[in-house]
Amino acid sequence: QVQLVESGGGQVQAGGSLRLSCAASGRPLTLYSTGWFRQAPGKEREFVAHNSRSGGGSYYGDSAKGRFTISRDNAKNTLYLQMNSLEPEDTAVYYCAASFPSKFFSGGYDRVGNYDYWGQGTQVTVSS
């Protein structure tokens with residue numbers, strides 16, 4: 001199975017940018033469709049972005065559209081989330097996740113339960 005480790009979180013001022021990384025090991029990331037979620041204190045885990053195994057389709061949650069970009073570097077076995085124009089409301093622990101593409105044949109890329117593998121999370125704090 002694949003293991004996922006996030007990095008790149010930190011503290012940034014509103015309007016700033018961060019790039020999160022998710023390094024995969026154990027199996028090639030090319031086997032999986034991948035996603036990013038986030039969870040703020042006292043709130044449910046929220047869908048941020050999804051990237052299909054083929055790389056041909058990317059989907060974003062409403063809060064991420066126009067500001068965040070999901071991408072992957074298969075040679076480095078790493079998934080990325082570029083976050084621009086950050087707002088205090090983006091403060092959360094960010095998680096990367098993966099699952100075999102068959103889980104998404106009927107959509108559902110925004111559902112936590114459709115992802116089988118998760119990283120430990122990285123904290124992002126945006127100050128006003």
Distance col, row Leu29:CG vs Cys22:SG, nearest 0.5 angstrom, shows 7.0 Å

**OP:** Check whether the ring centres of Phe104 and Tyr115 lie less than 6.0 Å apart, and answer yes or no.
**Re:** yes

Run the side-chain contact (heavy atoms from CB on, under 4.5 Å) test on Val124 and Met83 for me, step by step, so that the C-alpha distance in whole Å, both residues' side-chain angles and the decisive distance to 0.1 Å come before the verdict.
CA-CA 10 Å; Val124 171; Met83 305 187 295; 3.9 Å; yes

Heavy-atom nearest pair, Leu86 first then Arg67, reads CA-NH1, 3.9 Å

Evaluation steps, side-chain contact (heavy atoms from CB on, under 4.5 Å), between Glu89 and Ser63: CA-CA 9 Å; Glu89 293 74 21; Ser63 62; over 6 Å; no

Problem - Main-chain N/O of Val112 paired with Arg45 side-chain donor or acceptor, under 3.5 Å - result: no

d(Ser25 OG, Gln1 CD) to nearest 0.5 Å is 10.0 Å

- Treat each ILVMFWY residue as a node, draw an edge where side-chain heavy atoms are under 4.5 Å apart, and state whether Tyr109 and Tyr95 are in one component. yes

May I ask whether Trp36 and Trp118 are part of the same hydrophobic cluster, defined by side-chain heavy atoms of I, L, V, M, F, W, Y residues being less than 4.5 angstrom apart, directly or through others?
no

Tell me if a side-chain donor or acceptor on Glu6 pairs with a main-chain N or O of Gln120 at a distance below 3.5 Å.
yes

Within-4.5 Å side-chain heavy-atom neighbours: Lys103 and Ser33:
no

Between Ser71 and Leu79 the two heavy atoms that sit nearest each other are O-CD1, 3.2 Å

OG of Ser7 to OH of Tyr94, rounded to nearest 0.5 Å, is 15.0 Å

Nearest heavy-atom contact between Ser127 and Pro88 is C-CG, 4.5 Å

Check the hydrophobic clustering (I, L, V, M, F, W, Y; side-chain heavy atoms under 4.5 Å; chains of links allowed) and say if Val126 and Val48 are grouped together.
yes

One should read off an interatomic distance between Arg19 CZ and Gln82 CD, to the nearest 0.5 angstrom, of 7.0 Å

hydrophobic_cluster_shared for Val93 and Leu4, side chain cutoff 4.5 Å | no

Examine the side chains of Thr78 and Asp73 and answer whether a donor and an acceptor come within less than 3.5 Å of each other.
no

Distance col, row Leu31:CG vs Phe100:CZ, nearest 0.5 angstrom, shows 6.0 Å

side-chain contact (heavy atoms from CB on, under 4.5 Å) evaluation trace for Leu20 with Phe68:
CA-CA 11 Å; Leu20 305 183; Phe68 295 0; over 6 Å; no

For Ala92 and Ala40, the nearest pair of non-hydrogen atoms, with its separation, is CB-N, 3.8 Å

When rounded to the nearest 0.5 Å, the distance separating CG of Asn51 from OG1 of Thr34 is 4.5 Å

Closest heavy-atom pair, Asn114 versus Gly107, reported as atoms and distance to 0.1 Å, is ND2-O, 4.2 Å

Closest non-hydrogen contact found for Ser99 with Asp116 is OG-OD2, 3.1 Å

ILVMFWY network linking Leu18 to Tyr60, side-chain heavy atoms under 4.5 angstrom = yes

Ring-face cation of Arg27 near Tyr32 (centre distance under 6.0 Å, axis angle within 45°) = no

query: Are the side chain of Ser21 and the backbone of Gly8 linked by a donor-acceptor contact shorter than 3.5 Å?
result: no

*Check step by step if side-chain contact (heavy atoms from CB on, under 4.5 Å) holds for Ile70 and Tyr59.*
CA-CA 9 Å; Ile70 187 172; Tyr59 306 93; over 6 Å; no

